[in-house]
Amino acid sequence: NSWIAAGAAAFNGGDDAKAFDNWTQATKADPKNVEAHYNLGFWYLSQQPSQDLKAKTEWETVVKLAPDSQFAQTVKQHLDQLGNSSATPSPSK
């Protein structure tokens, strides 16, 4: 998905606003886009101050949409420790 790749490139380049816009566009184009919800969760955590509740909402969506995916496995670990997570969205493909 080009929105995902563009968001990852922007995030890794320090352009948080562009990353957010791209990943939000990905969820608008496909509300079931697990990777976009996954990345948005990390985006919310990376903000100062972190937006834990919004991250939790995105990650709960990941688990709901794809409970057996690697994305879900990763976020399940983070959901228990939201305050200790670091921002690491999925790599650009």
Item to check | Whether Trp59 and Phe42 hold their rings parallel, tilted or perpendicular, with breakpoints at 30° and 60° | outcome: perpendicular

Checklist outcome for this item: Residue set satisfying side chain to side chain donor-acceptor pair (under 3.5 Å) with Glu58, at least two apart, ordered chain then number -> His37

Item to check | From CG (Asn33) to OG1 (Thr61), nearest 0.5 Å | outcome: 11.5 Å

Between [X] and [Y], which heavy-atom pair has the shortest distance, and what is it?
X	Y	answer
Ala55	Gly41	CB-O, 3.3 Å
Pro31	Lys28	CD-O, 4.2 Å
Leu40	Thr27	CD1-CG2, 3.9 Å

Checklist outcome for this item: residues 60-77 vs salt bridge (Lys or Arg N to Asp or Glu O under 4.0 Å), sequence neighbours excluded, gives Lys56-Glu60

What I'd like to find out is whether the side chain of [X] reaches to under 4.5 Å of the side chain of [Y], using heavy atoms alone.
X	Y	answer
Ser69	Tyr38	no
Trp23	Trp43	yes
Asn22	Ile4	no

Item to check | Hydrophobic cluster membership, Val34 vs Trp3, 4.5 Å side-chain cutoff | outcome: no

Pair up each side-chain donor or acceptor in residues 14-21 with any protein partner under 3.5 Å, not counting sequence neighbours, and list the distances.
residue: Asp15; atom: OD1; partner: Lys18; partner atom: N; Å: 3.1
residue: Asp16; atom: OD2; partner: Gln47; partner atom: NE2; Å: 3.4

